[in-house]
Protein chains: 2
Amino acid sequence: MTSAQSHDDGPFTGRDPGGILAPRLRVFEAVARTEHITRAAEELGLPQPTVSRALARIQRELGLALIERTGRGVRLTRAGRTLLPYVRRALKELAAGGAQLTDPDTGTVTLAFLPTLGAEVVPSLIRAFRADHPQVRFSLRQEVWGSAVRSLREGGVDLALTSPVPTERGLSVRVLHTQPLVLVVPAGHPLARAEETPISAVGTDQLIALNRGRGIRHLTDGLFHRAGLEPRIAFETDEVGTVRGLVAAGLGVAVLAARPHSPLPGTVELRITDPGAERSIGVVWHPYEGEPATVASFRAFVLAEGERLVAGGLA
Amino acid sequence: MTSAQSHDDGPFTGRDPGGILAPRLRVFEAVARTEHITRAAEELGLPQPTVSRALARIQRELGLALIERTGRGVRLTRAGRTLLPYVRRALKELAAGGAQLTDPDTGTVTLAFLPTLGAEVVPSLIRAFRADHPQVRFSLRQEVWGSAVRSLREGGVDLALTSPVPTERGLSVRVLHTQPLVLVVPAGHPLARAEETPISAVGTDQLIALNRGRGIRHLTDGLFHRAGLEPRIAFETDEVGTVRGLVAAGLGVAVLAARPHSPLPGTVELRITDPGAERSIGVVWHPYEGEPATVASFRAFVLAEGERLVAGGLA
DNA sequence: CTGAGGTCATACAGAACAGTATGCGTCTGT
DNA sequence: ACAGACGCATACTGTTCTGTATGACCTCAG
């Protein structure tokens, strides 16, 4: 690995991170390795006096002699020899950290996604992406709507597949798929023969809802609010399966996205006719200057392929 | 651990090595940890604008945004959050390296010593020293005279217990013990009844010698040379025990240091009367500015206690 | 032993950086 | 809603550092 690099400053991100984050370490390492100030300077792309002085400064500040002159060359002192492996390991860490950020093939992508998407959509996305980028690692976090948005804002995740797509300013979004919201009623319910219904038809039925923080709950609350209704919530739970079970048991009705393939036996799903009674699933990210290459690469892939995969996975 | 430190420059060695070797890393770490530029600056003992600009510079050079403004504070971006653990590990390495050099209790001392001293003297020295400094680690190298001196010059070892003490300029020495050289002859040898002898008495006897590079061989060669004689070397070996065995077997005579306690059965030892027929065992080191505290501490101990221990161990 | 070549350190001019003061945007309490 | 406080960024001046040229010292060959 020749690390000779000229010191141009373009806005490209591929430069040596150790040299930027810790220039003194790199100087010391080069001198220690070559035991030759002039050669080290050439390798670093710096004039020889700069290296000479930089080293003198380090030693003065540390109060330790790391190299010493020997004839017409230099040699590491014992102290320098002792320090060298630590410096090497430190530079190695920085190089690894830099690779995470700049190398589109070795980074890690942290992805938050809806519980619903964990079974099929996310595995398909990742499998397809890794076919081209096998070194990229993923940190996957199944998170509900509220916490996914918070994680995005706080920098906890790179990308979120969530629903509904948040409207906060500062977050970029792209809708990949839209599902109609349905009213889930037990088989014997008065509305069970209809195909669609306004939310107002719920009347005095008890509502079985997901806990706050879930996207569907957020949408449900908005739906009732816009209709001027106050939902009468009998149960709150975290599991969509539980909700359907409670509805089947005749304990109330629920607002959900249509169940893939068909409704749970013992339940009927009616499309809700109110405007905006839909659930948009989208990808959300927090845009900023100079984002890791890996993240940009994966996001581009999601934007290109996600629509198809999400629609297929939720069919 | 409060790391607030003023930026005085004294010649003392106890300063934070991470901050000296990699100031940018420390700035980034402090800002990342506090997510607050002003507080990070206070902690680092720097003015706030300095930290602000240093960070801006790092980001510009990396081409990556590591922090971003959020309201009236700052927050790490994903890239910053990704980089942080690497930077932390790098700083940890540097701190460990610095501790090796500046903390008299955690360093490592590399000690070269004569094979003769490995059985008793070196273990006693180290046991006694570690009673007061239990954290200090030792790297022990059994080396003969020639290579010990070379290691010292090249920075391979901190300290050498060797013999004879070298006279090279650039190396500091202190004699700890002096043993007379003896001529070892087989029991039936014409000289076996004498107590002492000049080296010239060897006459035409074959000599059994240690290999070149051994201190005793160096002394033996010198002894013959000063007497104007050419040694007639029949065997060369690396083991003092082998030399004595060959002498006992009547295959020649040898110049050695007196055997502890008593001569090997079947051999007789006669003190050599030539001037300078002695072997000085001493401690040797390569002095330089700003040596690791641990090394200085151990050497001081050796200088204080070594004379007694070496004399005792070779009695 | 002397001269030529090689290597690191120092001198001086110019660029980059640090320190002080201040501006601009944001949050909080009344 | 508005005043005050808070917090990061920028402007200006003095110091430090970088880069070019040169000096001092060592090594090696003849």
Side-chain angles (χ1 to χ4, degrees), chain A residues 4-9 19-28 30-61 65-77 80 153-155 168-170 288-289, chain B residues 4-9 19-28 30-61 65-77 80 153-155 168-170 288-289:
Chain A
Q5 281 187 321
S6 67
H7 41 72
D8 66 282
D9 7 34
I20 296 171
L21 289 168
R24 294 178 169 193
L25 293 188
R26 196 160 255 336
V27 168
F28 173 64
V31 172
R33 175 159 38 78
T34 58
E35 300 208 327
H36 196 289
I37 293 196
T38 302
R39 269 198 283 281
E42 278 169 14
E43 190 174 298
L44 295 166
L46 295 171
Q48 170 265 319
T50 300
V51 173
S52 187
R53 276 176 309 204
L55 216 50
R57 191 157 42 231
I58 292 171
Q59 298 183 96
R60 179 166 41 81
E61 292 182 12
L66 302 175
I67 59 167
E68 62 184 346
R69 297 217 45 172
T70 158
R72 65 183 183 187
V74 291
R75 185 155 47 199
L76 282 178
T77 63
R153 270 207 319 267
E154 294 177 355
E168 281 186 62
R169 110 196 167 77
Y288 62 95
E289 201 74 33
Chain B
Q5 282 188 319
S6 65
H7 42 70
D8 63 284
D9 5 35
I20 295 169
L21 290 168
R24 294 178 169 193
L25 294 189
R26 196 161 254 336
V27 167
F28 172 64
V31 172
R33 176 159 36 80
T34 58
E35 301 210 325
H36 197 290
I37 293 198
T38 303
R39 269 199 283 280
E42 279 169 13
E43 191 175 296
L44 296 166
L46 296 170
Q48 171 265 317
T50 300
V51 174
S52 187
R53 275 177 309 205
L55 217 50
R57 196 173 318 136
I58 292 171
Q59 298 183 97
R60 178 167 42 80
E61 293 182 11
L66 302 175
I67 58 167
E68 63 184 345
R69 297 217 43 172
T70 160
R72 65 182 185 187
V74 291
R75 185 157 45 201
L76 281 178
T77 63
R153 269 207 320 266
E154 294 178 356
E168 282 186 59
R169 112 195 163 78
Y288 63 95
E289 200 73 33

* Value rounded to 0.5 Å, distance of CZ in A:Arg53 from CZ in A:Arg60 ->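 Between atom CZ of A:Arg53 and atom CZ of A:Arg60 there are 11.5 Å.
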* Asked: So how far is it from A:Glu43 CD to A:Arg26 CZ, rounded to the nearest 0.5 Å?
  -> 8.5 Å
In whole Å, what is the span from the [atom1] atom of [X] to the [atom2] atom of [N]?
X	N	atom1	atom2	answer
A:Glu68	D:dC25	CD	P	18 Å
B:Ile67	D:dC8	CD1	C1'	9 Å
B:Ile58	C:dC17	CD1	P	12 Å
B:Ile37	C:dT26	CD1	C1'	15 Å
A:Arg69	C:dG6	CZ	C1'	10 Å
A:Gln59	C:dA9	CD	C1'	13 Å
A:Gln48	C:dA11	CD	P	14 Å

Minimal non-hydrogen separation, [X] against [Y], with atom names:
X	Y	answer
B:Ile20	A:Ile58	CG2-O, 4.3 Å
A:Gln59	A:Ile67	OE1-N, 3.1 Å
A:Ala65	A:Thr77	O-OG1, 2.7 Å

Looking at [X], does any N or O in its side chain come under 4.0 Å of the phosphate oxygens OP1/OP2 on [N]?
X	N	result
A:His36	C:dC8	yes
A:Ser52	C:dT10	no
A:Thr38	C:dC8	yes

* B:Thr70 side chain vs B:Gly73 backbone, donor-acceptor pair below 3.5 Å ->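 Judged by distance alone, no pair lies under 3.5 Å.
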* Asked: Is there a donor-acceptor pair closer than 3.5 Å between any side-chain N or O of A:Thr38 and the backbone N or O of A:Gln48?
  ->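 Here the side-chain-to-backbone pair does not exist.
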* Asked: Is B:Glu61 paired with B:Arg24 through a side-chain N to carboxylate O contact shorter than 4.0 Å?
  ->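 Looking at B:Arg24 and B:Glu61, the cut-off is met.
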* side chain to side chain donor-acceptor pair (under 3.5 Å) against B:Glu68, all qualifying residues, sequence neighbours excluded ->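 In terms of side chain to side chain donor-acceptor pair (under 3.5 Å), with neighbours along the sequence ignored, B:Glu68 is linked to A:His286.
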* Asked: What residues, two or more places apart in sequence or in another chain, satisfy side-chain contact (heavy atoms from CB on, under 4.5 Å) together with A:Ala40?
  ->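 In terms of side-chain contact (heavy atoms from CB on, under 4.5 Å), with neighbours along the sequence ignored, A:Ala40 is linked to A:Ala30, A:Val31, A:Thr34.
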* Asked: Residues two or more places apart in sequence or in another chain: which of them pass salt bridge (Lys or Arg N to Asp or Glu O under 4.0 Å) with B:Arg75?
  -> none
* **Closest listed nucleotide, where the reference is the side chain of A:Pro49 and the choices are D:dA21, D:dC8, C:dT7** =>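 Taking heavy atoms from C-beta onward, the closest nucleotide is D:dA21.
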* Asked: For the helix from C:dC1-D:dG30 to C:dT30-D:dA1, what angle lies between the axis at the first five pairs and the axis at the last five pairs, to 10 degrees?
  ->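 Taking five pairs per end, the axes differ by 30°.
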Each nucleotide N or O in nucleotides 27-30 of chain C that has a protein N or O under 3.5 Å away: list the pair and distance.
from   : atom 1 : to      : atom 2 : distance (Å)
C:dC27 : O2     : B:Arg72 : NH1    : 3.4

What N/O pairs connect the protein and nucleotides 14-18 of chain D at under 3.5 Å? Give each pair on its own line.
from   : atom 1 : to      : atom 2 : distance (Å)
D:dT18 : OP2    : A:Arg57 : NH2    : 2.9

